[in-house]
Amino acid sequence: FVLTPSVIQPDTMFQLLSMLPPRVYSISSSYKATPDEVHITVGAVRYNAHGRDRTGVCSVQFAERIQEGDTVPIYLKRNPNFKFPQNEETPVIMIGPGTGVALLRSYMQDREELGLVGHTWLFFGEQHFTTDFLYQTEWQEWLNDGTLSKLDVAFSRDTDQKVYVQHKIAENSEQFNQWIENGAAIYVCGDESKMAKDVHQAIRNVFVKEQNLSEEDAEENLKQFKIDKRYQRDV
């Protein structure tokens, strides 16, 4: 028998390939602050797999390939399940490690433009303080002028033992609970695969420790918080 190689015609080859999913980024700027601009926060993905250096399709396109003046196609996607409180006096606890801080920055820009102060607490985490503290000067300025009430940061590679945002929540357990009892709403943004689960457990631990609840009752509390829109996630 003679085997002949099969030939795939170019016009049919695309039918065998899976579609590239769209990349979704949170807007990290306020319309009130920059009405002529939309900011996004992009972490370039670079890694090695199976002996090959690989890069993120969209993130490295933004980071390296496109130049000022180039254009890219975009679309807007609403998220009706993630809204900050309409009452400006409601305390807001924001947990946004890495590029998850994008949406929280837009909210803080909004508050600054409206002249609102206080009632906000940010937990931010990344690997290194010197290279990865996204929007560092903005957060510090908001903290200094009172727009931001409290800031807790965790840089996991700057210490002998890795410290993440969930550890900072545990360190501030009593005050975290006080904010909750004062009506605070919790917003979590960022990685779903691990961070969001660890943060969820850390918040549940606060209920157990500070309110003397069982694990089951603490979980029921968080379910009710979700129903009441006091616990929202964009992960």
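- Heavy atoms of other residues, nucleotides or ligands lying less than 6.0 angstrom from NZ of K150 number more than 12.
- G100 approaches C189 most closely through the heavy-atom pair O-CB, 3.0 Å.
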**Request:** Show the numbers, then the answer: is there a side-chain contact (heavy atoms from CB on, under 4.5 Å) between H200 and E219?
**Result:** CA-CA 9 Å; H200 183 88; E219 186 63 35; 3.0 Å; yes
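- Of the possible polar contacts, none joining the Y31 side chain to the V38 backbone as a donor-acceptor pair under 3.5 Å is found.
- Within the structure, side-chain hydrogen bond (donor to acceptor under 3.5 Å, both in side chains) pairs that include any residue of residues 115-135 comprise T41-Y135, E89-H119, W121-D152, H128-D158 (at least two apart or interchain).
- The shortest heavy-atom contact between S149 and W179 is CB-CH2, 4.1 Å.
- Remark: the backbone N or O of V45 is paired with a side-chain donor or acceptor of S59 at under 3.5 angstrom.
- Proximity of a side-chain donor or acceptor of D191 to a complementary backbone N or O of K194 within less than 3.5 Å is detected.
- To the nearest 0.5 Å, the span separating CG on L134 from CH2 on W139 amounts to 10.0 Å.
- Within the 3.5 Å criterion, the main-chain N or O of Q178 finds a donor-acceptor partner in the side chain of N182.
- With R230 contributing its side chain and I180 its backbone, the two residues share a donor-acceptor pair below 3.5 Å.
- Side-chain contact between N81 and K229 is present, with heavy atoms from C-beta onward closer than 4.5 Å.
- With respect to R204, the salt bridge (charged side-chain N to carboxylate O under 4.0 Å, His left out) criterion is satisfied by exactly one of E216, E220, E215: E215.
- Closest approach of R105 to S28, counting heavy atoms only: NH1-O, 2.8 Å.
- Checking side-chain atoms of R157 against main-chain N and O of F155 turns up no donor-acceptor pair under 3.5 Å.
- V206 and V92 fall into different hydrophobic clusters, where Ile, Leu, Val, Met, Phe, Trp and Tyr side chains are chained together by heavy-atom contacts under 4.5 Å.
- In this structure, a donor-acceptor pair under 3.5 Å is present between the side chains of S173 and E210.
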**Request:** Could you give me the CA-CA distance, side-chain angles and deciding distance for V72 and F62, then say whether side-chain contact (heavy atoms from CB on, under 4.5 Å) is met?
**Result:** CA-CA 9 Å; V72 294; F62 282 141; 3.9 Å; yes
**Check against side-chain contact (heavy atoms from CB on, under 4.5 Å), E64 and R46** = CA-CA 12 Å; E64 296 180 357; R46 300 182 180 89; 2.7 Å; yes
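- Although no hydrogens or angles enter the test, the distance criterion places no donor-acceptor pair under 3.5 Å between the side chain of S156 and the main chain of K162.
- Hydrophobic cluster membership is shared by V165 and I203, with clusters built from Ile, Leu, Val, Met, Phe, Trp and Tyr side chains linked at under 4.5 angstrom.
- Rounded to the nearest 0.5 angstrom, K168 NZ and L122 CG are separated by 12.5 Å.
- Residues M195 and Y164 form no side-chain contact, since every pair of their non-hydrogen atoms from C-beta on lies 4.5 Å or further apart.
- Distance check: Y25 OH to L103 CG gives 15.0 Å after rounding to the nearest 0.5 Å.
- No side-chain donor-acceptor contact under 3.5 Å links N144 and Q140.
- Hydrophobic clustering (ILVMFWY, side-chain heavy atoms < 4.5 Å, transitive): I169 and V235 are in one cluster.
- Summarising the local packing, CG of L143 is surrounded by more than 12 heavy atoms from other residues, nucleotides or ligands at distances under 6.0 Å.
- Atom CD of E113 has more than 12 neighbouring heavy atoms from other residues, nucleotides or ligands inside a 6.0 Å radius.
- Panel note: side chain T34, backbone S30; a donor-acceptor pair is recorded below 3.5 Å.
- Considering every non-hydrogen atom in both F207 and A218, the closest pair reads CB-CB, 3.7 Å.
- The environment of R52 atom CZ is sparse: at most 12 non-hydrogen atoms of other residues, nucleotides or ligands sit within 6.0 angstrom.
- Side-chain contact between L148 and M94 is present, with at least one heavy-atom pair separated by less than 4.5 Å.
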**Asked** Does the pair N221 and Q211 meet the rule for a side-chain contact (heavy atoms from CB on, under 4.5 Å), with working shown?
**Response** CA-CA 11 Å; N221 264 18; Q211 299 184 21; 3.8 Å; yes
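- Atoms NZ and CG, from K226 and D228 in turn, are 12.5 Å apart once rounded to the nearest 0.5 Å.
- Between V208 and S214, the shortest heavy-atom distance links the atoms CG2-O, 4.0 Å.
- Between the OG atom in S26 and the CZ atom in F82 there is a gap of 8.0 Å [rounded to 0.5 Å].
- Taking CD from Q232 and CD1 from I186, the interatomic distance works out to 10.5 Å, rounded to the nearest 0.5 Å.
- In this structure the side chain of I93 reaches within 4.5 angstrom of the side chain of F123, judged on heavy atoms.
- Minimum interatomic distance between T159 and V163 (heavy atoms only, all atoms of both residues): OG1-CG2, 3.9 Å.
- With contacts defined as side-chain heavy-atom distances shorter than 4.5 Å, the pair V188/Y231 qualifies.
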